[in-house]
Amino acid sequence: MPLNDLSTRVAGLNDWYRLHAATEVLRHALTAPDAGRLALVSSFGAESVVLLHMVSVIHRDTPVIFLDTELLFAETLVYQQELTERLGLSDVRIIRARDAQRADPDKSLHKRDPDACCALRKTRPLQRALDGFDGWITGRKRFHGGNRAALDFFEIEDGTGRMKVNPLAHWTREDVQTYIEENRLPRHPLVSRGYPSIGCIPCTSPVDEGEDIRAGRWRGSTKSECGIHFVNGRAIRIGETA
Ligand code: SF4
């Protein structure tokens, strides 16, 4: 779809779904005839179970892309397997970098150049995994702050014409907790050990009471996103081209 047409469509969807619940937004993404082919991209992290559960209820055959950077916590890998089985997700795709062994044989690139490491282990593998899809669904939320503070339900990824859907954009931390409790869903085991946001081992640390939810990601550096939600280092908004 031409970018101008997609921009118009995305703006219309944001307007139409402005006051709708997350499940209605997700249902549109997964079932509307004109929505195209969408995948859920999940880290199987601290809050991931919410969207994974919603997807399992609405359409459990939805492709779920899980980026295994080969630097993840063992708890994440176990949680991924357990959740997949428990929720009956039938199409979870575990994606790894094809050239990590050659480009970063001792897994130390994150120390020298974390952006290059994320590009190697996350951004490029994700773009490859999304080949053939018209869009993807993310679990980002406004309360995460930073570049996410003004997030809409629907947005444009970049000039490729892919749509990104953020059904939980307006959820609060309490909404996440309530949904998990009401549906008796298992939380990632590291949450109770002080990790409200979970990524790779070298780039994730626990947070203290009162700290920002993502304060433990790339702690001590200016980096705050892995790059899968950015093109050329900046967010792409409706009406812009990459
Ligand atoms: S989060 Fe850290 S270890 Fe993981 S891919 Fe990015 S830089 Fe590498």
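Note that this is a predicted model, so its numbers are computed, not measured. Counting convention: from 1, in listed order, for ligands and their atoms alike. Hydrogens, waters and symmetry mates play no part in the numbers below; they use all other heavy atoms, side chains included.
Atom 6 (Fe) of ligand 1 has no N, O or S atom of C203 under 2.8 Å away, backbone or side chain. In summary, an N, O or S atom of C200 is located under 2.8 Å from atom 4 (Fe) of ligand 1.
The L71 neighbourhood of ligand 1 comprises atoms 3 (S), with distances under 4.0 Å to a heavy atom of that residue. Using a 4.0 Å cut-off to heavy atoms of C118, the atoms of ligand 1 that qualify are 1 (S), 5 (S), 6 (Fe), 7 (S).
A salt bridge links D68 with R96: at least one charged nitrogen is closer than 4.0 Å to a carboxylate oxygen.
Residues Y17 and F154 bring their aromatic ring centres within 6.0 Å.
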(request) Carefully, step by step, assess F66 and F44 under the rule ring-ring contact (aromatic ring centres under 6.0 Å, His included). (result) CA-CA 7 Å; F66 171 59; F44 286 80; 5.3 Å; yes
(request) Using the salt bridge (Lys or Arg N to Asp or Glu O under 4.0 Å) rule, take R93 and D91 through it: C-alpha gap first, then chi angles, then the decisive distance, then the call. (result) CA-CA 6 Å; R93 304 176 185 191; D91 190 5; 2.9 Å; yes
